[in-house]
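One structure is given below, encoded as structure tokens.
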Amino acid sequence: MLDHLIRRATVVDGTGGPAYPADVGIRGGRIVVIAEPGTVTEEAVTSEDADGLVLAPGFVDPHTHYDAQLFWDPYATPSMNHGVTTVAGGNCGFTLAPLNPDRPEDADYTRRMMSRVEGMALAALEEGVDWTWSTFREYLDALEGRIAVNAGFMVGHCALRRHVMGADAVGGQPTPAQLDAMLALFHDAMDAGAWGLSTTQSATHSDGDGEPVASRHARPEELLALSRAVGEHEGTQLEAIVAGCLDQFSDEEIDLLVDMTAAAGRPLNWNVLTIDAAVPERVPRQLIPSERARAAGGRIVALTMPILTPMNMSLGTFCALNLIPGWGEILALPVPERIERLRDPATRAEMLRRADSKEAGVFRRLANFGRYVIGDTYSAANEGLSGRVVNDIAAERGQDPFHCLVEICAADDLRTVLWPMPTDNDPDSWALRQRTWEHEDVMLGGSDAGAHLDRMCGAPYTTRFLGDCLRGRKLLPLPTAVRMLTDDPARLFGLRERGRIEEGFHADLVLFDPERIDAGPATLVHDLPGDSPRLDSKAIGIVSVRVNGVETLRDDKVTGAVPGTVLRSGRDTRTVSTA
């Protein structure tokens with residue numbers, strides 16, 4: 001007897017092939033029958049009529065930071081609401097394990113680092129996670145049996161360094177004995193099922209003390225030693241972030257990425273490839289590592305988002321504006337002093353100069369303050385400004401846009417929420433995205449779901465992208481779009497029997513209405529431990545989500561079931577050839 005039968009669905013199976021009508025039967029967490037509608041004679045415990053609905057494989061998000069959130073939110077919301085059934089965590093060099101049992105203070109350091117660098121609420125990290133593990137195996141075991149999605153995790157380079165080197169991890173270099181200890185610790189994590197190594201050299205990544213995170217101090221020989229260790233384990237990966245990921249790679253960064261993937265003999269992915277027709281030289285430059293990697297026996301894959309992810313800003317709290325060269329020191333001042341400096345015309349002029357300089361890289365996009373929309377306000381002086389564009393307000397007041405924005409924020413003691421309007425929402429940029437997505441070393445992803453919770457909401461990229469393909473710009477046919485969200489990332493990670501609707505595959509499935517599928521606007525909710533805020537987005541048109549055959553969501557409501565699996569390298573992943 002079947003556990004469940006989905007009748008008369010329009011199956012888009014993840015291969016990129018044409019859609020077809022079928023009945024799909026599930027038993028024991030697997031897809032056991034795919035047949036023409038009305039031809040399945042085996043009885044089923046439950047069934048449903050999916051006429052007019054699309055049945056696709058569950059979406060695979062290749063870049064998340066759900067490492068902490070899964071402890072208080074086993075449903076990985078809002079990703080699961082938007083059809084995601086498998087998430088890759090432990091990215092950018094940041095993981096919650098291993099922790100040195102001889103230094104209990106390392107847990108506090110890790111919490112403060114994650115709060116600063118990944119925008120996770122400190123109260124949520126303190127109240128929502130029990131922090132009872134030491135080894136990476138114990139961390140994975142702590143999640144086993146209590147999550148609704150499938151989840152695999154990289155080992156964060158920062159945690160390895162901190163465990164072995166303590167405070168010297170920031171600023172120091174490992175002795176030969178310490179490097180050996182780091183490698184032994186890494187092998188132990190890999191034996192437990194970690195997916196590989198993640199690391200960062202990005203200038204934007206600082207710890208809770210404002211210092212460059214530990215992995216930023218690693219020299220190439222340390223990174224290559226760890227990369228070679230990755231290649232000693234089955235079904236493994238590399239993920240790396242360097243400063244040039246945000247704009248354009250330097251020659252040295254290209255050399256490093258190519259050397260790492262070649263040393264490991266494993267794919268390396270990075271994020272995020274920003275595509276903007278106003279900077280036509282960026283995409284060719286960012287794909288040079290991929291070309292060179294193939295010649296060297298490796299593979300480098302660039303992740304890119306198929307939507308424009310809204311991100312709010314503030315002059316009062318840490319956000320992307322702090323990463324503009326020269327801005328961080330001003331925006332870190334106490335609020336009264338910060339307001340005084342921001343009101344100084346000379347200070348503003350210098351800030352604008354730095355924001356528009358070449359060294360600002362991709363953050364130059366944030367410097368057009370006239371195109372900001374005012375979000376939530378908190379003072380009588382700002383009543384009626386929410387939803388208005390700064391350019392219009394500045395014209396009424398006879399001020400330049402940045403001065404106008406500063407005065408609005410100052411009236412709220414810098415609590416004002418700001419929404420920059422995208423600068424790359426033009427037809428040429430979308431045409432360039434469409435062409436770039438066709439590249440064999442470009443893959444959709446980079447949501448950062450689980451991180452930057454009160455600043456951005458990338459998790460809905462799946463539903464918003466499909467809605468755009470079906471009813472918006474129609475840049476891709478539905479079968480291609482579904483393949484890019486399912487089979488492509490599943491194949492990159494070597495996931496065993498996932499990513500397609502195929503007999504014998506795990507029944508990770510999403511059932512949706514093609515006439516409605518979309519994502520609602522991002523709204524601020526206070527549902528994290530400690531009443532901390534995050535941005536959420538409602539899924540539209542998602543009828544059902546199944547993970548390993550068990551329904552986890554129906555009509556945007558979680559069922560309470562937790563059938564997800566902690567995916568472990570080797571057992572749940574196979575080695576992906578870089579040839």
Side-chain angles (χ1 to χ4, degrees), residues 112-122 200 202-213 216 243 246-247 310-379 381-382 385 390 393-394 399-421 423 448 451-456 524 532-535:
R112 290 187 299 108
M113 178 185 72
M114 297 299 272
S115 178
R116 171 69 178 266
V117 78
E118 292 297 347
M120 300 176 182
L122 185 58
T200 179
S202 174
T204 65
H205 288 156
S206 300
D207 65 14
D209 301 317
E211 298 295 324
V213 296
R216 286 177 59 186
L246 288 173
D247 190 15
M311 180 180 297
N312 69 36
M313 304 291 166
S314 167
L315 295 178
T317 55
F318 188 87
C319 67
L321 292 173
N322 295 65
L323 304 178
I324 298 173
W327 283 51
E329 57 207 54
I330 295 170
L331 298 183
L333 294 170
V335 168
E337 188 176 348
R338 198 181 319 173
I339 291 174
E340 183 180 354
R341 291 288 302 280
L342 288 168
R343 279 178 160 159
D344 175 49
T347 298
R348 289 199 307 273
E350 176 62 12
M351 292 175 73
L352 289 174
R353 186 192 70 78
R354 297 290 298 276
D356 195 42
S357 67
K358 183 175 177 57
E359 64 178 329
V362 73
F363 296 110
R364 289 193 299 270
R365 294 149 55 97
L366 300 178
N368 190 348
F369 293 101
R371 288 176 54 83
Y372 277 56
V373 175
I374 302 299
D376 295 343
T377 62
Y378 300 89
S379 66
N382 288 335
L385 295 185
V390 170
I393 304 170
Q399 298 171 327
D400 72 76
F402 189 36
H403 183 197
C404 178
L405 181 142
V406 164
E407 292 303 323
I408 292 169
C409 294
D412 285 334
D413 291 326
L414 304 186
R415 297 169 62 200
T416 319
V417 175
L418 307 169
W419 292 93
M421 295 169 62
T423 60
D448 260 0
H452 314 295
L453 298 177
D454 65 341
R455 291 282 164 233
M456 60 176 281
L524 198 65
S532 302
R534 66 166 176 157
L535 287 170

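Keep in mind it's a predicted model, so treat the numbers as computed, not measured.
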Closest heavy-atom pair and its distance - Arg354, Ala360: O-CB, 3.6 Å
Exam field: side chain Ser115 to backbone Ala121, donor-acceptor pair closer than 3.5 Å: no
Spacing of Ile339 atom CD1 and Asp413 atom CG [to the nearest 0.5 Å]: 5.5 Å
Side-chain heavy atoms of Glu407 within contact of Arg343, under 4.5 Å: yes
Side-chain heavy atoms of Pro345 within contact of His403, under 4.5 Å: no
Arg415 side chain to Gly316 backbone, donor-acceptor under 3.5 Å: no
Beyond-backbone contact of Val417 with Leu524, side-chain heavy atoms, under 4.5 angstrom: no
Any side-chain heavy-atom pair of Val390 and Ile374 under 4.5 Å: yes
Verdict with supporting geometry, Cys319 and Leu418, side chain to side chain contact (heavy atoms under 4.5 Å, CB included): CA-CA 11 Å; Cys319 67; Leu418 307 169; over 6 Å; no
Partners passing side-chain contact (heavy atoms from CB on, under 4.5 Å) against Asn382 (at least two apart in sequence or in another chain): Thr377, Ser379, Leu385, Ile408, Ala411, Asp412, Thr416
Smallest separation among heavy atoms of Ser357 and Arg364, with atom names: O-CD, 3.3 Å
Minimum-distance pair of heavy atoms, taken over all atoms of Gln399 and Cys404: OE1-CA, 3.2 Å
Contact summary for Thr204 and Leu246, nearest pair of heavy atoms: CG2-CD1, 3.6 Å
Min side-chain heavy-atom separation Val213-Met113 under 4.5 Å: yes
Ile324 vs Met351 side-chain heavy atoms within contact, under 4.5 Å: no
Which residues share a ring pair (Phe, Tyr, Trp, His ring centres under 6.0 Å) with Phe369, sequence neighbours left out: Trp327, Tyr372, Phe402
Side chain to side chain contact (heavy atoms under 4.5 Å, CB included) between Leu366 and Leu323, intermediate numbers included: CA-CA 10 Å; Leu366 300 178; Leu323 304 178; over 6 Å; no
Nearest atoms (heavy-atom pairs only) where Gly375 meets Trp419: CA-CD1, 3.9 Å
Over 12 non-hydrogen atoms of neighbours within 6.0 angstrom of CD in Glu350: yes
Contact check, side chains of Asp209 and Arg112, non-hydrogen atoms, under 4.5 Å: yes
Spatial distance of atom CE (Met456) from atom CE (Met313) [nearest 0.5 Å]: 10.0 Å
Sidechain-backbone polar pair: Arg116 side chain, Phe318 backbone, donor-acceptor under 3.5 Å: no
Spacing of Glu359 atom CD and Asp247 atom CG [to the nearest 0.5 Å]: 12.0 Å
Test side chain to side chain contact (heavy atoms under 4.5 Å, CB included) applied to Leu315 and Leu321, Asn322, Ile330, the passing residue: Leu321
Side chain to side chain donor-acceptor pair (under 3.5 Å) between Ser202 and Thr200, worked out: CA-CA 5 Å; Ser202 174; Thr200 179; 4.7 Å; no
Closest heavy-atom pair and its distance - Ala243, Ala203: CB-N, 4.2 Å
Heavy-atom check, side chain of Asp207 versus side chain of Val117, under 4.5 Å: no
